[in-house]
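Remarks on the structure that follows.
Atoms within each ligand, like the ligands themselves, are counted from 1 in listed order. Since we're looking at a predicted model, the values are computed, not measured. Each residue takes its place number in the sequence, starting with 1.
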Amino acid sequence: MKGISLIGFMGSGKTSVGEELANALQLAFLDTDHQIEIQCGKSIPELFSSKGEKIFRDYETMVLKQMPTFDVVVSTGGGIVERRENRKWLKEHYQVIFLNTDLEVIRKRLADDRSRPLWQKGKDEVEQLFQRRFQLYRTTAHRVIDTNNRDVRMVVEEILSGIN
Ligand code: S3P
């Protein structure tokens, strides 16, 4: 089966949903951020602070293109849609699902988060990032799933209901 990839803003639940979805479908689960950490031998915050966002994005594109595209669930970092090249790759090789979560809900979920460098930016900057990326997620995805007020199991069930 063509691989499934999950896209969406930080805190939209891509990793938790991806793990449970892969489990339900008995497929492998891979996460781009995790693969970046393995390949560069640093955590994401360390990579951002030592090499900067551009190098992080280069790793992200490289890792994305190394991923299998069949019989797999791939969860991606929230900024994967920043590069046109990644958007095109995702759309061509995967069934792309956008986990759509309101910024207010994400703010509650990530209130104490220190592990995401871009989340530490100011409120206005995060809001602009959210607004701008929203269109990119929409145009890259084949399906949009609303994850507001829904737990992981409910989101997974909705995804499964649309898979044949
Ligand atoms: C990022 C999101 C993070 C991670 C990195 C950059 C972004 O992944 O890739 O901190 O640009 O939105 P999550 O979406 O899993 O938090």
(message) With heavy-atom distances below 4.0 Å as the criterion, list the atoms of ligand 1 near Met10.
(response) 2 (C), 12 (O), 14 (O), 16 (O)
(message) Students should be able to answer this: which protein heavy-atom is nearest to atom 4 (C) of ligand 1, and at what distance?
(response) Asp33 OD2, 3.2 Å
(request) Check each of Gly18, Pro45, Gly11, Gly78 against atom 2 (C) of ligand 1 and report the one with the nearest heavy atom. (result) Gly78
(request) With heavy atoms only and a cut-off of under 4.0 Å, state how Phe56 meets ligand 1: side chain, backbone, both or neither. (result) side chain
(request) May I ask you to list the atoms of ligand 1 that are less than 4.0 angstrom from any heavy atom of Gly77? (result) 8 (O), 9 (O), 14 (O)
(request) Return the residue, atom name and 0.1 Å-rounded distance of the protein heavy atom closest to atom 12 (O) of ligand 1. (result) Arg133 NH1, 2.7 Å
(request) Go through ligand 1 atom by atom and flag the ones less than 4.0 Å from a non-hydrogen atom of Leu118. (result) 7 (C), 11 (O)
(request) Give yes or no for whether the N/O distance cutoff of 3.5 Å, strictly under, is met between Thr15 and ligand 1. (result) no
(request) Measure the OG1-NZ distance between Thr139 and Lys91 for me, rounded to the nearest 0.5 Å. (result) 6.5 Å
(request) Taking all non-hydrogen atoms of both residues into account, name the closest pair between Ile80 and Thr32 and its distance. (result) CD1-CG2, 4.3 Å
(message) Ignoring hydrogens and geometry beyond distance, is a side-chain donor-acceptor pair present between Thr101 and Thr147 at under 3.5 Å?
(response) yes
(request) Name the orientation class of the two ring planes belonging to Phe9 and Trp119 (parallel below 30°, tilted from 30 to 60°, perpendicular beyond 60°). (result) perpendicular
(request) Could you list which atoms of ligand 1 come closer than 4.0 Å to a heavy atom of Pro117? (result) 10 (O)
(message) Can you tell me if Glu53 contacts ligand 1 (heavy atom of the residue under 4.0 Å from the ligand)?
(response) no
(message) Under a 4.0 Å threshold between the charged nitrogen and the carboxylate oxygen, would Glu82 count as salt-bridged to Arg133?
(response) yes
(request) Check ligand 1 against Ile44 and write out every atom of the ligand that is under 4.0 Å from a heavy-atom position of the residue. (result) 5 (C), 10 (O)
(request) Measure Gln120 to ligand 1 on non-hydrogen atoms and call it side chain, backbone, both or neither using the 4.0 Å cut-off. (result) neither
(message) To the closest 0.5 Å, what do you measure between OH (Tyr137) and CZ (Arg132)?
(response) 9.5 Å
(request) Would you mind checking if Glu60 and Arg83 are paired as a salt bridge, meaning a charged N to carboxylate O distance below 4.0 Å? (result) no
(message) I'd like the name of whichever of Glu82, Arg116, Arg57, Glu60 reaches closest to atom 11 (O) of ligand 1 through any heavy atom.
(response) Arg57
(message) Quick check: do Phe134 and Asn100 have side-chain heavy atoms less than 4.5 Å from each other?
(response) yes
